[in-house]
Amino acid sequence: MQIVAVQLNTAWEDRAPNHRRVRELLENLKLAEPALIILPEMFDVGFSMNVAATLQSEAREAEQFLRDLARTHNAAVLGGVISPDGNGQGKNEAVAFAPSGEELVRYRKMQPFTLSGEDQAYGSGDSHQTFEWGGFKIAPFICYDLRFPERFRPAARDGAELIIVIACWPDVRSEHWVRLLQARAIENLAFTVGVNRCGTDPEHTFDGRSAAFDPMGEALFEADPSEQILITELDVQQVRSWRSKFPALDDMRD
């Protein structure tokens with residue numbers, strides 16, 4: 001399967017230019033099939049605690065954009081959106097769509113970043129989610145989840161072969177981002193892909209460093225701080241072969 005990671009310099013609280021920029025970045029790419037395009041956390045608004053600015057309307061603009069993108073490129077597309085929660089909060093979610101428009105997965109971030117007040121704006125989910133695409137069983141996670149390895153173990157137990165982490169992870173802690181992605185790959189014997197934003201917002205600078213690791217923890221790519229597309233090919237048999245040779249997941253305890 002081809003992975004297409006979009007490291008985006010997100011415009012603050014303004015969907016239209018972010019949608020235009022994603023289309024521009026992907027415009028001339030010739031994608032292999034099957035492909036999975038991945039966009040960062042809150043890709044079209046930025047990591048804002050202003051729910052009024054980030055929340056999709058009833059038209060679900062962000063999700064419709066992802067659906068359109070999937071149809072245009074004949075690929076699955078996963079990105080971070082804010083959905084209504086019905087209690088004055090939003091839901092920080094990772095959603096994916098197939099080219100047909102079918103919703104493949106909807107995962108709600110389990111670990112809101114309390115230091116920024118995210119728990120007050122968006123609340124939290126309570127379980128992992130998985131979906132299948134390109135022959136892989138895939139589990140998406142979001143940003144601060146990455147610091148909590150116990151959140152990933154149930155997904156590995158559930159058979160996840162590819163872990164995806166979308167993020168707005170600032171440069172002050174970027175080395176943690178890369179090393180924790182590598183650790184999640186090694187301990188879960190899974191491909192792990194992290195897609196971060198770059199650029200700045202009113203509070204932070206983001207140096208990208210979107211990265212991918214194979215089940216042995218070997219790097220497949222790591223981005224610099226610029227806006228860019230990163231592509232790699234994943235073979236599910238690499239996961240299955242390693243898990244057969246080194247069945248450490250069989251020794252997990254509740």
Side-chain angles (χ1 to χ4, degrees), residues 1-5 31-38 41 75-79 94-98 102-111 125-167 169 175-196 209-223 230-254:
M1 178 171 62
Q2 186 176 67
I3 295 293
V4 182
L31 303 185
E33 294 182 21
L36 174 60
I37 299 169
I38 309 171
E41 176 186 23
V77 178
L78 183 147
V95 296
F97 298 99
E102 175 193 0
E103 182 180 300
L104 297 172
V105 75
R106 183 174 296 268
Y107 164 74
R108 185 175 182 179
K109 189 176 185 179
M110 286 190 281
Q111 295 286 161
D126 58 9
S127 65
H128 73 278
Q129 302 292 327
T130 63
F131 68 105
E132 295 188 7
W133 186 255
F136 279 83
K137 192 167 190 178
I138 304 168
F141 293 89
I142 303 177
C143 204
Y144 195 48
D145 289 338
L146 186 58
R147 289 191 178 273
F148 301 88
E150 64 274 15
R151 295 299 193 183
F152 293 74
R153 281 314 219 188
R157 185 178 287 111
D158 198 23
E161 297 159 317
L162 168 59
I163 291 167
I164 295 171
V165 185
I166 59 174
W169 195 288
E175 194 64 24
H176 300 183
W177 158 254
V178 176
R179 295 305 141 231
L180 290 171
L181 286 170
Q182 187 178 37
R184 298 296 86 80
I186 293 169
E187 68 197 11
N188 293 300
L189 287 70
F191 284 104
T192 301
V193 177
V195 181
N196 195 22
R209 296 189 72 181
S210 297
F213 295 93
D214 74 11
M216 296 287 289
E218 296 293 330
L220 301 174
F221 64 67
E222 182 180 327
L230 301 108
I231 297 176
T232 191
E233 299 283 344
L234 307 184
D235 182 354
V236 71
Q237 293 305 321
Q238 186 177 349
V239 177
R240 295 171 185 175
S241 175
W242 177 230
R243 288 179 173 181
S244 176
K245 292 177 182 176
F246 187 71
L249 297 182
D250 293 346
D251 293 328
M252 287 191 293
R253 298 289 185 266
D254 292 334

Novice: Considering non-hydrogen atoms only, spot the tightest contact between Asp214 and Ala185 and give its length.
Specialist: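 Closest approach of Asp214 to Ala185: O-CB, 3.5 Å.
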Novice: Does the side chain of Trp169 reach to within under 4.5 Å of the side chain of Leu180, using non-hydrogen atoms?
Specialist: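 Answer yes - side chains close enough.
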Novice: Measuring from Phe221:CZ to Leu230:CG, what's the distance to the nearest 0.5 Å?
Specialist: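 Rounded to the nearest 0.5 Å, the CZ-CG separation comes to 5.0 Å.
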Novice: So which heavy atom on Cys143 is nearest to which on Glu41, and how close?
Specialist: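 Taking Cys143 first and Glu41 second, the nearest heavy atoms are CB-OE1, 3.2 Å.
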Novice: Can you tell me which residue among Trp133, Phe97, Phe131 is in a side-chain contact (heavy atoms from CB on, under 4.5 Å) with Leu78?
Specialist: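 Looking at Trp133, Phe97, Phe131, the match for Leu78 under the side-chain contact (heavy atoms from CB on, under 4.5 Å) is Phe131.
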Novice: Taking the side chain as every heavy atom from C-beta outward, state whether Leu220 and Leu234 have any pair of such atoms under 4.5 Å apart.
Specialist: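 In short, these two side chains touch, coming nearer than 4.5 Å.
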Novice: Quick one: does Glu161's side chain have a donor or acceptor within less than 3.5 Å of a partner on Lys137's backbone?
Specialist: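 Looks like yes, one N/O pair under 3.5 Å.
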Novice: Taking everything shown except Asp126 itself, do over 12 heavy atoms lie less than 6.0 Å from its CG?
Specialist: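 For Asp126, atom CG is not crowded (no more than 12 foreign heavy atoms under 6.0 Å).
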Novice: Can you tell me how far apart CZ (Arg147) and CH2 (Trp177) are? Round to the nearest 0.5 Å.
Specialist: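 Output value for this atom pair is 11.5 Å.
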Novice: Assess the residue pair Thr232 and Val193 against the criterion (side chain to side chain contact (heavy atoms under 4.5 Å, CB included)); give the C-alpha distance rounded to whole Å, side-chain angles, the decisive distance to 0.1 Å, and a yes or no.
Specialist: CA-CA 10 Å; Thr232 191; Val193 177; 5.6 Å; no
Novice: Rounded to the nearest 0.5 Å, what separation is found between the OG1 atom of Thr130 and the CG atom of Leu104?
Specialist: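 The OG1 atom of Thr130 sits 11.0 Å away from the CG atom of Leu104.
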Novice: Return each pair, listed once, that meets side chain to side chain donor-acceptor pair (under 3.5 Å) where at least one residue sits in residues 182-193; pairs must be two or more places apart or across chains.
Specialist: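 Counting only pairs at least two positions apart or across chains, the side chain to side chain donor-acceptor pair (under 3.5 Å) contacts touching residues 182-193 are Arg153-Asn188, Arg179-Gln182, Arg184-Glu187.
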Novice: Identify, with sequence neighbours excluded, every residue that meets side-chain hydrogen bond (donor to acceptor under 3.5 Å, both in side chains) alongside Glu150.
Specialist: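 Applying side-chain hydrogen bond (donor to acceptor under 3.5 Å, both in side chains) to Glu150 gives none.
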Novice: Name the residue from Ile38, Ile166, Val178, Val195 that meets the side-chain contact (heavy atoms from CB on, under 4.5 Å) definition with Ser210.
Specialist: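 Between Ser210 and the candidates, side-chain contact (heavy atoms from CB on, under 4.5 Å) is satisfied uniquely by Val195.
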Novice: Looking at Ala160 and Ala190, what are the two nearest heavy atoms and their distance?
Specialist: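 Where Ala160 meets Ala190 most closely, the heavy atoms are O-CB, 4.2 Å.
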Novice: Does a sphere of radius 6.0 Å around CZ in Phe246 hold more than 12 heavy atoms from other residues, nucleotides or ligands, not counting ones at 6.0 Å or beyond?
Specialist: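 Atom CZ in Phe246 is not crowded, with 12 or fewer foreign heavy atoms closer than 6.0 Å.
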Novice: If you round to the nearest 0.5 Å, how far is CD of Gln129 from CG of Asp158?
Specialist: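 It comes to 9.5 Å.
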Novice: Compare all side-chain heavy atoms of Met1 with those of Val236 and state whether any distance is below 4.5 angstrom.
Specialist: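 No, every pair of side-chain atoms sits at 4.5 Å or beyond.
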Novice: Work out which heavy atom in Ala139 is nearest to a heavy atom in Ala155; give both atom names and the distance.
Specialist: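 Minimum heavy-atom separation between Ala139 and Ala155: CB-CB, 3.8 Å.
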Novice: Nearest 0.5 Å, what's the CD1-CD1 distance between Ile164 and Ile138?
Specialist: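 If we round to the nearest 0.5 Å, Ile164:CD1 and Ile138:CD1 are 5.0 Å apart.
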Novice: Please check: side-chain N/O of Arg209 versus main-chain N/O of Asn196, any donor-acceptor pairing under 3.5 Å?
Specialist: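 Here the side-chain-to-backbone pair does not exist.
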Novice: If you define the side chain from C-beta out and look only at heavy atoms, does anything of Phe141 sit under 4.5 Å from Met110?
Specialist: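 Touching, per the 4.5 Å side-chain cut-off.
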Novice: Could you report the tightest heavy-atom contact between Glu233 and Ala32, atom names first, then the distance?
Specialist: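 Nearest pair, atom of Glu233 first, then Ala32: OE2-CB, 4.3 Å.
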Novice: Mind checking ring-ring contact (aromatic ring centres under 6.0 Å, His included) for Phe213 and listing every partner two or more places apart, or none if nothing turns up?
Specialist: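 Listed in chain order: nothing, the list is empty.
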Novice: Restricting to non-hydrogen atoms, name the atom on Arg240 and the atom on Gly135 that form the minimum distance, rounded to 0.1 Å.
Specialist: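 Closest pair (atom of Arg240, atom of Gly135, distance): NH2-O, 3.1 Å.
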Novice: What is the distance from atom CD1 of Ile163 to atom NE2 of His128, rounded to the nearest 0.5 Å?
Specialist: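 Those atoms lie 10.5 Å apart.
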